[in-house]
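Naming: A, B, ... by sequence-line order, numbering from 1 per chain. If you're wondering where the values come from, they're calculated on a predicted model, not measured in any experiment.
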Protein chains: 2
Amino acid sequence: MKVSKKAYYGLRAAVSLADADGPVSARELAERERIPEEFLEKILQKLRRSGIVESKKGVEGGYALAEQSVSVWDILRALDGPVRTFTPPLGKGTLPCDFPSHCRTNDVLRRLEEEIEKTLSGVTISRRSERNQESGMKNEEKAVLSSPDS
Amino acid sequence: MKVSKKAYYGLRAAVSLADADGPVSARELAERERIPEEFLEKILQKLRRSGIVESKKGVEGGYALAEQSVSVWDILRALDGPVRTFTPPLGKGTLPCDFPSHCRTNDVLRRLEEEIEKTLSGVTISRRSERNQESGMKNEEKAVLSSPDS
DNA sequence: TCGAAGTAAGACTGATTTAGTCCTAATTTA
DNA sequence: TAAATTAGGACTAAATCAGTCTTACTTCGA
């Protein structure tokens, strides 16, 4: 049970992008974060297809966060695929319970999935510019990963 | 991010053992749960070395839960190894933060680990005989995976 | 005391996944 | 148009997963 290197790199890249001003090229980002460049490019492309970052080609191009704020959950799901704690490919609703132990085991694992999702969705990466503009009301218990405004 | 087949089988085997009366042989257990026998044996041996089940050789031998109650967390850790969400082998205390994004990323992942541990530790598999004898006081919010006393 | 029913443990294997690399476009801007 | 950049597919070495095979060793009952 682990987070892949791909996701770990992706997470760090996103945090780095959140702290940056304009678009950052893959090369630059790779250097900043000490991530193999070609590999990072693949990661960024996946994040782009998931709508998490946006890219601009050409001379002054690069990558930037697409939304004001992304959750860690979104990034992990985009890169590592869906969290599937139980191996048989079961949709949310239908759990075939051939044997008594299956149902109960699957039940726990599903509960775990929900817990993981809840935890990870609560942690977000926000762009500096947009920080603290989000929640209109009182300061929600929402952790932010990117660098604090100091 | 997933639970291995090994762990999934192990979980089901443990649930099945919890519901059984005496020791159950690997062969019997494999048949009940539709798990490849030889593979299950490996799994049970790992669980034994971790002190989760105990074994008895010989004619009426087999495997049984060692403790009255085991948490899902214990089983998963025994079979899948430690949950290591971040790839660099970092101990609990020391996080080398070469770059700013690392610390913050590692922080989240560590928080995730704790959350997963908390969730999974709260779900236990208990032997029928020992059910409801554990918590002396009020009925704690403790989920039990094995079959309910009916 | 022998044989059958068990567990114990290590070596081996095929398939899949991970973590990349390599190469060839396609775009954009100066 | 040249340089800087992303886009995407094919490829690969190494690790991990999911088992299997083989060869013990142990216990109990007849």
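Taking side-chain N and O atoms only, A/R49 has a distance below 4.0 Å to OP1 or OP2 of D/dG8. Close to D/dT16, at under 4.0 Å from its OP1 or OP2, lies no side-chain N or O of B/S4. Dashed line: the shortest gap from a side-chain N or O of B/S25 to OP1 or OP2 of C/dA5 is not under 4.0 Å. A close approach under 4.0 Å does occur between a side-chain nitrogen or oxygen of A/R48 and OP1 or OP2 of D/dG8.
Rounded to whole angstrom, the span from the CG atom of B/L29 across to the C1' atom of C/dA5 amounts to 16 Å. Rounded to an integer number of Å, the gap from OH of A/Y9 to P of C/dA19 is 8 Å. Between B/L47 atom CG and C/dT7 atom P there is a gap of 13 Å when expressed in whole angstrom units. Straight-line distance from the CD atom of A/E41 to the C1' atom of D/dG9: 13 Å, rounded to whole Å. To the nearest angstrom, C1' of C/dA5 lies 12 Å from NZ of B/K56. Between the C1' atom of D/dT6 and the CG atom of A/L44 lies a distance of 10 Å, rounded to the nearest Å. Atom pair B/K2:NZ and C/dT17:P shows a separation of 7 Å (rounding to whole Å applied). B/E37 has its CD atom 14 Å from the C1' atom of C/dA8, to the nearest Å.
Between the side chain of B/K42 and the base of C/dA9, a donor-acceptor pair under 3.5 Å is found.
Put simply, the residue from A/L120, A/V53, A/I43, A/V70 that forms a side chain to side chain contact (heavy atoms under 4.5 Å, CB included) with A/I75 is A/V70.
Closest to the side chain of A/K57, from the set C/dG20, D/dA4, D/dA7, is D/dA7. Closest to the A/F39 side chain, of the nucleotides C/dA19, D/dT6, C/dG6, is C/dA19. The side chain of A/A26 approaches D/dT6 more closely than any other nucleotide in the set D/dT6, C/dT7, C/dT29. With D/dT22, C/dG20, C/dT29 as the candidates, the nucleotide lying closest to the side chain of B/E38 is D/dT22.
A heavy atom lying under 4.0 Å from DNA chain D marks none of the residues of residues 73-81 of chain A. Contacts between residues 60-67 of chain A and DNA chain D, defined by a heavy-atom separation below 4.0 Å, involve A/G62, A/Y63, listed by number.
At distances below 3.5 Å, at least one donor-acceptor pair connects side-chain atoms of A/R12 with backbone N or O atoms of A/E33.
Comment: A/E38 does not engage A/K42 in a salt bridge, judged by the lack of any side-chain N to carboxylate O separation of less than 4.0 angstrom.
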